[in-house]
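Counting convention: from 1, in listed order, for ligands and their atoms alike. Here, residue 1 is the first one in the sequence, and each next residue gets the next number.
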Amino acid sequence: MSVYKMTIAGCQRQLPICPISDSLDIAGFVMFGDVEVTEAAAKALMEKCPEHDVIVTAESKGIPLAYEMARIGCRNYVVARKGIKAYMEEPIHVEVKSITTDHVQKLYLSKADCESLRDKRILIVDDVISTGESLAAIEELLHSVGGQVVGKACVLAEGDAKDRTDIIYLEPLPLFFK
Ligand SMILES: O=P(O)(O)OC[C@H]1O[C@H](OP(=O)(O)OP(=O)(O)O)[C@H](O)[C@@H]1O
């Protein structure tokens, strides 16, 4: 398997090149299991992010980053889930289609999540922002909640996302067109 070599928050990594269509490959970045890069990226991103009361991410690959940033910072994070669990009363949802997932997904917040976010300064974080669809879906959810989004941050900005001026990120990540 071919790889894309890059340095992320001082950590050298080799990302596997994976096909996602006949015309496009991506370099797969998965923080699950990688404590070193999770800690280093969280610390580096925190230094770039505005003050906030709570961090919000989408299930699933953003969760370790959100936890680690909350651990060293505001001590509070909320995960928009991709399914409804028994303990989630009166959930609200939006639909989302990301670059790496081949079907439409839903993101849910419970009533309790919504109440905990109302009138708070919210920092949205994710491992990667690519098409921006996942980020837009989280923003849509938070808009209906009444939270104030003060920042949007990710470790890697993939493809055209590197040109966005409204997001904070550590490194660009190219797309590989065939
Ligand atoms: O900017 P976008 O095109 O929306 O892509 C970025 C999103 O895609 C990936 O998650 P994915 O939806 O594959 O789900 P997972 O984290 O549950 O694996 C990634 O973790 C981001 O959340």
Side-chain angles (χ1 to χ4, degrees), residues 4 6 8-9 11 13 15-42 44-45 48-49 54-70 77-85 88 91-110 113 117 122-143 145 147 149 151-178:
Y4 178 69
M6 67 181 299
I8 304 164
C11 307
R13 291 294 180 270
L15 310 186
I17 304 289
C18 323
I20 61 162
S21 74
D22 291 343
S23 58
L24 182 64
D25 290 349
I26 61 166
F29 176 56
V30 180
M31 295 174 85
F32 288 151
D34 194 335
V35 173
E36 184 185 28
V37 89
T38 302
E39 290 183 349
L45 266 186
K48 293 175 162 235
C49 286
V54 57
I55 286 171
V56 171
T57 194
E59 187 177 359
S60 61
K61 291 193 300 298
I63 295 174
L65 177 69
Y67 165 75
E68 179 61 14
M69 291 179 73
Y77 74 106
V78 168
V79 178
R81 303 295 305 265
K82 288 183 173 167
I84 301 175
K85 304 300 171 184
M88 294 171 68
I92 62 169
H93 78 271
V94 292
E95 294 192 343
V96 59
K97 169 82 178 71
S98 74
I99 189 167
T100 40
T101 302
D102 63 2
H103 57 276
V104 173
Q105 307 178 93
K106 288 182 178 172
L107 290 178
Y108 297 90
L109 288 175
S110 69
D113 291 331
L117 293 168
I122 299 168
L123 177 67
I124 301 173
V125 308
D126 211 338
D127 57 339
V128 175
I129 294 172
S130 184
T131 65
E133 292 293 325
S134 301
L135 175 62
I138 300 172
E139 288 188 278
E140 187 182 334
L141 266 182
L142 295 177
H143 181 72
V145 165
V149 176
K152 302 176 268 191
C154 62
V155 180
L156 303 181
E158 186 175 49
D160 290 344
K162 75 176 189 313
D163 298 322
R164 291 181 61 156
T165 55
D166 65 326
I167 63 172
I168 299 158
Y169 65 90
L170 296 182
E171 301 294 340
L173 180 66
L175 290 168
F176 301 86
F177 294 97
K178 296 187 268 195

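Ser110 OG to Arg81 CZ: the interatomic distance, rounded to the nearest 0.5 Å, is 10.0 Å. Once rounded to the nearest 0.5 Å, the distance linking SG of Cys154 with CG of Leu135 reads 8.5 Å. A distance of 8.0 Å separates CG of Leu173 from OG of Ser130, quoted to the nearest 0.5 Å. The CZ atom of Phe29 lies 12.5 Å from the OG1 atom of Thr100; values are rounded to the nearest 0.5 Å. Distance CD1/Ile63 to OG1/Thr38: 12.0 Å, rounded to 0.5 Å. We find the CG-OG1 distance between Leu123 and Thr57 to be 10.0 Å, quoted to the nearest 0.5 Å.
Residue Asp126 approaches ligand 1 through these ligand atoms, each under 4.0 Å from one of its heavy atoms: 20 (O), 21 (C), 22 (O). Atom numbering of ligand 1 starts at 1 in the shown order; those under 4.0 Å from a heavy atom of Thr131 are 1 (O), 2 (P), 3 (O), 4 (O). Atoms of ligand 1 lying under 4.0 Å from any heavy atom of Glu59, numbered from 1 in the order shown and given with element: 17 (O). Short contacts between ligand 1 and Asp127, defined as distances under 4.0 Å to a heavy atom of the residue, involve ligand atoms 19 (C), 20 (O), 21 (C). Within ligand 1, counting atoms from 1 as listed, the ones closer than 4.0 Å to a heavy atom of Ile129 are 1 (O).
For Phe176, the CZ atom sits in a packed shell: over 12 heavy atoms of surrounding residues, nucleotides or ligands are nearer than 6.0 Å.
Ile92 has its side chain within reach of Val145: a pair of non-hydrogen atoms, C-beta onward, lies under 4.5 Å apart.
Nearest non-hydrogen protein atom to atom 14 (O) of ligand 1 is Lys82 NZ, 2.7 Å. Nearest to atom 4 (O) of ligand 1 among the protein's heavy atoms is Ser134 OG, 2.6 Å. In terms of protein heavy-atom proximity, atom 17 (O) of ligand 1 is closest to Ser60 OG, 2.8 Å. Scanning the protein heavy atoms around atom 18 (O) of ligand 1, the nearest turns out to be Lys61 NZ, 2.7 Å. For atom 12 (O) of ligand 1, the closest non-hydrogen atom on the protein side is Ser98 OG, 2.7 Å. For atom 13 (O) of ligand 1, the nearest non-hydrogen atom of the protein is Thr100 OG1, 2.5 Å. With respect to atom 6 (C) of ligand 1, the closest heavy atom belonging to the protein is Val128 O, 3.3 Å.
Judged by distance alone, the side chain of Lys82 and the main-chain N or O of Ala58 form no donor-acceptor pair under 3.5 Å. Proximity of a side-chain donor or acceptor of Asp34 to a complementary backbone N or O of Met31 within less than 3.5 Å is not detected. At distances below 3.5 Å, at least one donor-acceptor pair connects side-chain atoms of Lys48 with backbone N or O atoms of Tyr169.
Any N or O atom pair closer than 3.5 Å counts here, and Thr101 shares at least one such pair with ligand 1. At least one N or O atom of Gly132, backbone or side chain, sits closer than 3.5 Å to an N or O atom of ligand 1.
Using 4.0 Å as the threshold, Gln105 has a heavy atom nearer than that to some atom of ligand 1. Judged by the shortest distance from any of its heavy atoms, Gly62 lies outside the 4.0 Å radius around the atoms of ligand 1.
With a 4.0 Å heavy-atom cut-off, ligand 1 is reached by the backbone of Ile99 and by its side chain too.
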